[in-house]
Amino acid sequence: MTSVAIVTGASSGIGAATARRLAAEGFHVLAAARRAERLTDLVAEITAAGGQATAVTCDVTSDESVARLAEAAAQAPGPVTLLVNNAGGARGLDPVESGSVADWQWMYDVNVLGTLRVTQALLPALEASGSGTIVVVSSTAGLTVYEGGGGYTAAKHAQTAIAGTLRLELCGRPLRVIEIDPGMVKTDEFGLVRFEGDAERAAAVYAGVPGPLVAEDVADCIAWCATRPEHVNVDRLVVRPRAQAAQHKVHRVGQ
Ligand SMILES: NC(=O)c1ccc[n+]([C@@H]2O[C@H](COP(=O)([O-])OP(=O)(O)OC[C@H]3O[C@@H](n4cnc5c(N)ncnc54)[C@H](OP(=O)(O)O)[C@@H]3O)[C@@H](O)[C@H]2O)c1
């Protein structure tokens, strides 16, 4: 029977690439996000390529919406073996001194409470499958801090804490917990969301960087971790572009 994988934040970037990749690996993918039209297009694309996917409109900040995602998972045509908590993002690059409380709240709601809510809702199905995998897409921002990143790094540190805590709490049950921590990934929308649609500011993040990661690189990491034999738990996978040795050490051509 086809295994079912749920990917949150599947309407763009890393989530969309992960949905495509997992479908190519043979999963029936439940692609979840708020923008229904984008999900419909993604599902059509996956289906045309011979894969299986279902679009599920879902806001991870809403209990009711996440409950509907769990209902969709219960109706899916196979055991739910994989959850990829990918929905998230950053807002603003202001110092702690002047950062917007609303931005911080948004980041905490989506990245942290979204992961909590979706994981709680899907855990029974993942366990019932006999071998469930929970992936948490955190960030290198969950491992270190940087100036202007206070709200995002705080949220990603909390997401990282969820992954570590959950692995301890679930030990002995047929569930594994994998944390993926990407560095700089050039996706279409991450920077636009962070800088309120300011394309120039968003593009400047990657200026001169030879070979930033792309969404497919992270999808590849997620797929590799999720398709290891069930007794193998890759606790944490940190992945950066070669040009980024650390958060503060980025090689830029011509600078
Ligand atoms: N890009 C990077 O450099 C980078 C590096 C490290 C980690 N990450 C992490 O990787 C993940 C994906 O990032 P990305 O670069 O692919 O960004 P992205 O293209 O902006 O994707 C974010 C996704 O999250 C979804 N989302 C946002 N709010 C949501 C909500 N309330 N409910 C459901 N879905 C929601 C968005 O879909 P809708 O708007 O349709 O809901 C979108 O599909 C994030 O967790 C991010 O923090 C990114």
Side-chain angles (χ1 to χ4, degrees), residues 1-34 36 38-58 60 65-88 114-115 117-138 159 163 166-167 170 173-180 182 215-234 237:
M1 206 185 249
T2 310
S3 291
V4 174
I6 294 147
V7 180
T8 67
S11 62
S12 65
I14 294 168
T18 301
R20 285 188 198 97
R21 174 62 186 269
L22 293 176
E25 296 278 349
F27 286 92
H28 183 115
V29 176
L30 294 198
R34 292 168 303 175
R38 277 174 164 259
L39 296 176
T40 305
D41 291 349
L42 176 70
V43 166
E45 186 195 323
I46 288 173
T47 308
Q52 297 178 47
T54 305
V56 185
T57 310
C58 176
V60 300
S65 189
V66 171
R68 284 196 293 278
L69 174 62
E71 280 164 28
Q75 306 297 321
V80 178
T81 60
L82 176 59
L83 165 63
V84 182
N85 283 297
N86 165 77
T115 295
R117 206 174 265 116
V118 175
T119 301
Q120 286 181 341
L122 272 306
L123 250 173
L126 287 159
E127 185 158 23
S129 77
S131 182
T133 299
I134 298 159
V135 173
V136 175
V137 181
S138 183
Q159 224 184 338
L166 200 54
R167 194 178 306 111
L170 297 177
R173 290 159 65 181
L175 293 160
R176 57 185 178 175
V177 182
I178 295 164
E179 178 193 330
I180 306 285
E216 288 71 20
D217 295 321
V218 183
D220 189 35
C221 294
I222 293 170
W224 181 79
C225 291
T227 54
R228 292 313 85 211
E230 65 182 13
H231 67 285
V232 178
N233 196 127
V234 181
L237 193 156

Can you check whether [X] reaches [Y] side chain to side chain, under 4.5 Å on heavy atoms?
{"X": "S129", "Y": "V80", "answer": "no"}
{"X": "R34", "Y": "C58", "answer": "no"}
{"X": "Q52", "Y": "T2", "answer": "yes"}

Can you tell me how far the [atom1] atom of [X] sits from the [atom2] atom of [Y], to the nearest 0.5 Å?
{"X": "I180", "Y": "N86", "atom1": "CD1", "atom2": "CG", "answer": "10.5 Å"}
{"X": "L123", "Y": "L170", "atom1": "CG", "atom2": "CG", "answer": "6.0 Å"}
{"X": "R21", "Y": "F27", "atom1": "CZ", "atom2": "CZ", "answer": "10.5 Å"}
{"X": "T8", "Y": "L83", "atom1": "OG1", "atom2": "CG", "answer": "7.0 Å"}
{"X": "I178", "Y": "R228", "atom1": "CD1", "atom2": "CZ", "answer": "10.0 Å"}
{"X": "T227", "Y": "I222", "atom1": "OG1", "atom2": "CD1", "answer": "11.5 Å"}

For this session: Any chance you could lay out the side-chain contact (heavy atoms from CB on, under 4.5 Å) test for V137 and N85, step after step, and finish with the verdict?
Result: CA-CA 6 Å; V137 181; N85 283 297; over 6 Å; no
Exercise. When you look at S65 and V60, which way does the side-chain contact (heavy atoms from CB on, under 4.5 Å) test go after all the steps?
Worked result: CA-CA 7 Å; S65 189; V60 300; over 6 Å; no
For this session: Only counting residues at least two apart or in another chain, list the ones meeting salt bridge (Lys or Arg N to Asp or Glu O under 4.0 Å) with R68.
Result: none
Problem set entry | Set of salt bridge (Lys or Arg N to Asp or Glu O under 4.0 Å) partners for E216, sequence neighbours left out | none
Exercise. How about T54 and H28: does a side-chain donor come under 3.5 Å of a side-chain acceptor?
Worked result: yes
If you take all heavy atoms of [X] and [Y], which pair is closest and at what distance?
{"X": "L22", "Y": "A5", "value": "CD1-CB, 4.0 Å"}
{"X": "A31", "Y": "L39", "value": "O-CD1, 3.5 Å"}
{"X": "M1", "Y": "P77", "value": "CG-O, 4.0 Å"}
{"X": "L42", "Y": "A10", "value": "CD2-O, 3.3 Å"}
{"X": "A73", "Y": "L122", "value": "CB-CD1, 3.7 Å"}
{"X": "V177", "Y": "A163", "value": "CG1-O, 3.5 Å"}

Problem set entry | Residue pair E179, S138: steps toward the side-chain hydrogen bond (donor to acceptor under 3.5 Å, both in side chains) verdict | CA-CA 7 Å; E179 178 193 330; S138 183; 4.8 Å; no
Exercise. What do the steps show when you test I6 against L82 for side-chain contact (heavy atoms from CB on, under 4.5 Å), and what is the final call?
Worked result: CA-CA 6 Å; I6 294 147; L82 176 59; over 6 Å; no
Problem set entry | V118: which of I134, L69, V84 passes side chain to side chain contact (heavy atoms under 4.5 Å, CB included) |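 Filter result, single survivor: L69.
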Problem set entry | With S131 via side-chain contact (heavy atoms from CB on, under 4.5 Å) - residues at least two apart | E230
Problem set entry | Donor-acceptor under 3.5 Å (R176 side chain, T133 main chain) | no
For this session: Please test V4 against T81 for side-chain contact (heavy atoms from CB on, under 4.5 Å), starting from the C-alpha separation and ending with a verdict.
Result: CA-CA 6 Å; V4 174; T81 60; over 6 Å; no
